[in-house]
Number of protein chains: 2
Amino acid sequence: MSTSDRLIEATRELLWERGYVGTSPKAIQQHAGAGQGSMYHHFAGKPDLALAAIRRTAQELRGTAGRVLDAPGSAYERISGYLLRERDVLRGCPVGRLTMDPEVIASEELRAPVEETIAWLRGRLAGIVQEGLDRGEFDRRLVPEDIAASIVATVQGGYVLARASGSTEAFDAAARGLLTLLAPRTDAT
Amino acid sequence: MSTSDRLIEATRELLWERGYVGTSPKAIQQHAGAGQGSMYHHFAGKPDLALAAIRRTAQELRGTAGRVLDAPGSAYERISGYLLRERDVLRGCPVGRLTMDPEVIASEELRAPVEETIAWLRGRLAGIVQEGLDRGEFDRRLVPEDIAASIVATVQGGYVLARASGSTEAFDAAARGLLTLLAPRTDAT
DNA sequence: GTCTATAGTCTGATAGAC
DNA sequence: GTCTATCAGACTATAGAC
């Protein structure tokens, strides 16, 4: 792995763990095993390096989520697969986490890949919900875009609950709750 | 307002805006209009001051949420009231936000009020869902604790979506989506 | 490409005068 | 109680040698 790659990977780790504000160039250099000069040779500074790291993380997330969402099965099964997929729950979402960083949100450039990733995810899920509606799988009243937002929010918020309690249990509970609400009706009351 | 109070209030604002890692004693002093000596006279240091600020914020949140949850009406109406209550959506949750702060999570003391507040909220909502079940308002299959986790997660995640897109629309979509799923059935398909 | 040197500013805190 | 002085170390970067 090249020095440039090691710097990006180290930045990805630190951004996930500590956010942009909490990540210093010095810490990045130490994690990457690179010197100061090396880092400033490859990147213009902390924002430039962070941008490269965020873009890579966003791309990776699209890949991972995309594979789960492209899986075969009913709409419910694919949503269930997304909600229940293996995650590093207590570490949170490496993309969503950045929305709580004031300097990421303040920067047009740094926020863009975050915004695009979340928008992409909402769009993909809305498409799946629509398919479910078309197949008569769901209650006709469901609005695909709204349900998609609820699904993504449940995941993002599940991380918050899990980290607050120090246990993954809360994430699982939130996912189960949403899936119960979404479950195809058997008309048994 | 006493100097001590002003220091706590300034810290609350900054913790909400920038998190613990992003908030420096100097910034707190400037916001509070207090000198260094003044701050260190009233508080042992940054962690001590942050603890006082977090406790006050947590208490306030319990008050605000409690009033909404105690409102009259059906279970669905009270949950709806909670989800749709006025919020400073783009600022996020002053308590939930702290879960993304590595130093808050690493500190037993700082995390405690965050954990307790979220746990309290989940408990209150679970109670309301249980009431709804008892009254036949909801599908019998709903598990109160799971639905409560989904509700809190939707709110916390709604903030993430809103901040990612720079608009409150996403929060509202997520809330609407969950309410549609939760809506008492009219048995119309 | 990588290294060391240097620099101005901020961080988080202590000491002691008023 | 509040203020100023002081401090060691970190932050973010630039300069220039190798």
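Just so you know, these numbers use all the heavy atoms, side chains as well, and skip hydrogens, waters and symmetry mates. Keep in mind that this is a model prediction, so the values were computed, not measured. Naming: A, B, ... by sequence-line order, numbering from 1 per chain.
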Review item, side-chain donor-acceptor pairs of residues 40-55 of chain A, under 3.5 Å, at least two apart:
| residue | atom | partner | partner atom | Å |
| --- | --- | --- | --- | --- |
| Lys46(A) | NZ | Tyr20(A) | O | 3.0 |
| Lys46(A) | NZ | Thr23(A) | O | 2.8 |
| Asp48(A) | OD2 | Ala44(A) | N | 2.9 |

Open item on the list: dC10(C), OP1 or OP2 - any side-chain N/O from Ser24(B) closer than 4.0 Å?
Closed with: no
Open item on the list: List the residues meeting salt bridge (charged side-chain N to carboxylate O under 4.0 Å, His left out) with Glu169(A), not counting sequence neighbours, and say none if there are none.
Closed with: Arg122(B)
Open item on the list: What's the separation between atom CZ in Arg62(A) and atom CZ in Arg124(A), rounded to the nearest 0.5 Å?
Closed with: 11.0 Å
Open item on the list: Using a 4.0 Å cut-off on heavy atoms, which residues in residues 33-52 of chain A reach DNA chain C? List them by number, or say none.
Closed with: Gly35(A), Gln36(A), Gly37(A), Ser38(A), His41(A), His42(A)
- [ ] Could you identify which residues cluster with Trp16(B), counting Ile, Leu, Val, Met, Phe, Trp and Tyr as linked when any side-chain heavy atoms lie under 4.5 Å apart, either directly or through a chain of such contacts?
- [x] none
TODO: With sequence neighbours left out, write down each residue that passes side chain to side chain donor-acceptor pair (under 3.5 Å) with Arg91(A), or none if nothing qualifies.
DONE: Glu13(A)
Task: Bounds of contact between DNA chain D and chain B, in 5' to 3' order, using a heavy-atom cut-off under 4.0 Å - done: dG1(D) to dA5(D)
Open item on the list: Does anything in residues 73-82 of chain A form a salt bridge (Lys or Arg N to Asp or Glu O under 4.0 Å)? List the pairs, not counting sequence neighbours.
Closed with: Arg78(A)-Glu131(A)
Task: Any residue meeting side chain to side chain donor-acceptor pair (under 3.5 Å) with Thr168(B), in chain and number order, not counting sequence neighbours - done: none
TODO: Could you pull out all residues at least two apart from Glu109(B) that satisfy side chain to side chain donor-acceptor pair (under 3.5 Å)?
DONE: none
